[in-house]
Amino acid sequence: MQITGTGQLLELSRKLKGAGGPRLKANFARRIRRAGEPLKNDMQQTIRNLPINAEPRKAGKRGGPSPTTRPLRATVAEAVRLSVRTGGSPGARVWVDRSALPSDLKFMPEGMNKPNGRIRHPVFGNKKRWVNQWTTPLWWDKVVRSHTPRMQAEVARVVDDARRQIT
């Protein structure tokens, strides 16, 4: 069985409400969440180990320690969430919770996943001086693609088990 859209999950969700009750629905959600945990954990680990390279300093330019002690990659990694829905739009989603990020990092996850791998930002918030930093392009998509076959197989197994319990 292959899940080609949300239609199959919607149909199963409706049947779960009518036949299995809350216990079956909770079991379904728990197993879907358990199937998504390795993706979330791998995503967080990838963010923490993501190489970010800067252009070298120009001759005569000053440098110094960062005015913030906040670690960028760890902060973004902690904002990765996994949510499971069993209602009208059932499924699982791994996403970055912008509300968990500081205001100056709200758009950093998108910046870190650009096709060209370029992160352009002001130097310590100074809008008159901008720098480029480089990272692995489209790393988010690569991690998701590597987990897709396992996730599809696991979700198909969960859906089949739930169908057997309903019928």
Side-chain angles (χ1 to χ4, degrees), residues 3-6 9-10 13 25-156 158:
I3 298 174
T4 56
T6 58
L9 287 174
L10 281 169
S13 178
K25 188 174 177 180
N27 185 32
F28 180 74
R30 180 176 40 79
R31 289 184 63 193
I32 295 290
R33 175 175 295 281
R34 193 178 301 149
E37 283 294 332
L39 173 60
K40 176 190 161 213
N41 295 338
D42 194 19
M43 196 68 73
Q44 289 176 325
Q45 192 61 34
T46 302
I47 294 170
R48 286 187 182 101
N49 296 326
L50 197 64
I52 298 177
N53 303 313
E55 295 174 342
R57 286 203 182 124
K58 305 206 174 23
K61 300 291 180 181
R62 293 189 194 139
S66 171
T68 176
T69 58
R70 180 184 62 230
L72 170 68
R73 287 171 277 219
T75 303
V76 174
E78 290 302 315
V80 173
R81 305 281 190 259
L82 170 67
S83 60
V84 176
R85 299 171 312 278
T86 58
S89 177
R93 183 173 83 132
V94 176
W95 53 288
V96 177
D97 182 8
R98 285 189 185 166
S99 68
L101 293 171
S103 61
D104 59 334
L105 296 180
K106 297 265 186 233
F107 298 100
M108 185 56 72
E110 289 89 352
M112 293 168 70
N113 195 43
K114 286 184 181 171
N116 62 3
R118 184 176 90 159
I119 304 170
R120 184 166 167 77
H121 64 91
V123 177
F124 301 127
N126 179 358
K127 304 275 185 186
K128 293 180 182 177
R129 291 189 47 95
W130 289 74
V131 294
N132 293 317
Q133 289 185 295
W134 306 91
T135 188
T136 307
L138 300 174
W139 56 270
W140 182 280
D141 303 334
K142 290 175 186 173
V143 173
V144 169
R145 270 195 309 272
S146 71
H147 282 268
T148 298
R150 182 194 56 78
M151 290 285 297
Q152 285 178 333
E154 184 62 29
V155 168
V158 170

ask   = Would a distance-only check, ignoring hydrogens and angles, find a side-chain to backbone donor-acceptor pair under 3.5 Å from Arg73 to Leu50?
value = yes
inquiry  = Can you give me the closest heavy-atom contact between Val123 and Val131, atom names plus distance?
reply    = CG2-CG1, 3.4 Å
query = Is any side-chain heavy atom of Asn53 closer than 4.5 Å to a side-chain heavy atom of Thr135?
reply = no
ask   = Can you find a heavy atom in the side chain of Leu101 that is under 4.5 Å from one in the side chain of Val96?
value = yes
query = Thr46 versus Lys142: any side-chain heavy-atom pair under 4.5 Å?
reply = no
query = Between Arg31 and Glu154, is there a donor-acceptor pair closer than 3.5 Å when you use the side chain of the first and the backbone of the second?
reply = no
remark   = Closest non-hydrogen atoms of Arg150 and Pro38, given as atom of the first, atom of the second and distance, are NH2-CB, 3.6 Å
message = Would you compute the distance between atom CD1 of Ile47 and atom CE of Met108 and round it to the nearest 0.5 angstrom?
response = 12.0 Å
key: Minimum side-chain heavy-atom gap Val84-Arg30 below 4.5 Å   = no
ask   = Any donor and acceptor pair, going by atom type alone, linking the side chain of Asn116 with main-chain N or O of Pro137 inside 3.5 Å?
value = no
From CA spacing to verdict: side chain to side chain contact (heavy atoms under 4.5 Å, CB included), Leu138, Asn113 = CA-CA 5 Å; Leu138 300 174; Asn113 195 43; 4.3 Å; yes
note = Val80 and Gln44 have their tightest heavy-atom pair at O-NE2, 3.7 Å
Shortest non-hydrogen contact between Thr148 and Val144, atoms and distance = OG1-O, 2.7 Å
key: Point-to-point distance, once rounded to the nearest 0.5 Å, from CZ of Arg120 to CH2 of Trp134   = 10.0 Å
remark   = One should read off an interatomic distance between His121 NE2 and Trp130 CH2, to the nearest 0.5 angstrom, of 9.0 Å
By salt bridge (charged side-chain N to carboxylate O under 4.0 Å, His left out) - contacts of Asp97 (at least two apart) = Arg81
remark   = When rounded to the nearest 0.5 Å, the distance separating OG of Ser83 from NZ of Lys40 is 11.0 Å
note = Taken to the nearest 0.5 Å, the spacing of Ile52 CD1 from Met112 CE works out to 4.0 Å
query = Taking atom CH2 of Trp140 and atom CD of Glu110, what is their separation to the nearest 0.5 Å?
reply = 9.5 Å
ask   = For the residue pair Ala54 and Gln133, what are the closest heavy atoms and their distance?
value = CB-NE2, 3.7 Å
key: Asn49 (side chain) donor-acceptor with Gln45 (main chain) under 3.5 angstrom   = yes
inquiry  = Using the salt bridge (charged side-chain N to carboxylate O under 4.0 Å, His left out) criterion, which residues pair with Arg33? Sequence neighbours excluded.
reply    = none
Under the salt bridge (charged side-chain N to carboxylate O under 4.0 Å, His left out) test, residues paired with Glu37 that sit two or more places apart = none
